Undergrad: 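Here it is, the structure in full.
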Amino acid sequence: MTLRHACRLCPYTEASSTPLIFQSILKKEVVNALHTVPSAISDDPTLPRSHKVECESCRNNEAVFFQSDNSDVRSDSLALIFVCCNCDHKWVG
């Protein structure tokens, strides 16, 4: 028995060159993941705070930060995501 690809609209079929039916490759870029960080995260008392960074938006120097898992195979490091405690601006540091 061989795997065959078939058209849903016509009777055309062909043999598959591989036994693979479906493959999902997810790559997550940290910069694109910033929109998934909730704004209220700056109120979380369990997150570490830094007073040595400056917000690009409001120039405040207090921000919470955490590490984001970057699943991009080109990078072996974990990126730090900062969230300003004043205006909730998010950036990768």
Side-chain angles (χ1 to χ4, degrees):
M1 181 175 228
T2 63
L3 179 63
R4 299 191 62 80
H5 297 286
C7 178
R8 294 183 196 176
L9 304 176
C10 71
Y12 177 78
T13 64
E14 66 181 31
S16 175
S17 60
T18 65
L20 184 66
I21 295 173
F22 179 79
Q23 181 178 14
S24 178
I25 300 173
L26 300 175
K27 287 190 176 184
K28 184 188 218 180
E29 295 179 19
V30 175
V31 176
N32 293 339
L34 288 179
H35 70 279
T36 62
V37 177
S39 295
I41 201 161
S42 62
D43 297 329
D44 187 345
T46 64
L47 288 176
R49 294 179 182 268
S50 175
H51 295 280
K52 297 179 181 179
V53 294
E54 185 176 290
C55 174
E56 300 167 353
S57 181
C58 72
R59 303 295 180 214
N60 185 35
N61 67 343
E62 182 181 7
V64 296
F65 64 94
F66 56 96
Q67 288 184 331
S68 174
D69 179 19
N70 184 357
S71 60
D72 189 351
V73 293
R74 294 172 291 170
S75 175
D76 293 332
S77 65
L78 294 175
L80 285 178
I81 294 181
F82 291 88
V83 180
C84 177
C85 292
N86 186 45
C87 70
D88 291 328
H89 175 69
K90 304 167 193 112
W91 72 94
V92 178

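In this text, all values refer to a predicted model and were calculated from it rather than measured experimentally.
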Undergrad: Write down the atom of Cys55, the atom of His89, and the distance for their closest heavy-atom approach.
TA: SG-CB, 3.7 Å
Undergrad: Any idea which heavy atoms bring Val83 and Lys90 closest together, and the distance?
TA: CG2-CG, 4.0 Å
Undergrad: Looking only at heavy atoms, what is the nearest atom pair of Cys87 and Cys58, with distance?
TA: SG-SG, 3.7 Å
Undergrad: If we only count heavy atoms from C-beta on, is the Val64 to Asp44 side-chain gap below 4.5 Å?
TA: no
Undergrad: Do His5 and Thr13 have side-chain heavy atoms sitting under 4.5 Å apart?
TA: no
Undergrad: So which atom in Ser42 and which in Cys84 form the shortest heavy-atom distance, rounded to 0.1 Å?
TA: CB-O, 3.7 Å
Undergrad: I'd like to know whether CD1 of Ile21 has more than 12 heavy-atom contacts from other residues, nucleotides or ligands below 6.0 angstrom.
TA: no
Undergrad: Kindly assign one of parallel, tilted or perpendicular to the pair Trp91 and Phe82, based on the angle between their ring planes and the thresholds 30° and 60°.
TA: parallel
Undergrad: Have a look at Phe65 and tell me which of Leu47, Leu80, Val53 forms a side chain to side chain contact (heavy atoms under 4.5 Å, CB included) with it.
TA: Leu80
Undergrad: Does any non-hydrogen side-chain atom of Thr2 lie less than 4.5 Å from one of Arg4?
TA: yes
Undergrad: If you round to the nearest 0.5 Å, how far is CG of Leu20 from CG of Leu3?
TA: 9.0 Å
Undergrad: Output the distance between atom CG (Asn60) and atom CG (Asp88), rounded to the nearest 0.5 Å.
TA: 10.5 Å
Undergrad: Is any side-chain heavy atom of Phe66 closer than 4.5 Å to one of Ile41?
TA: yes
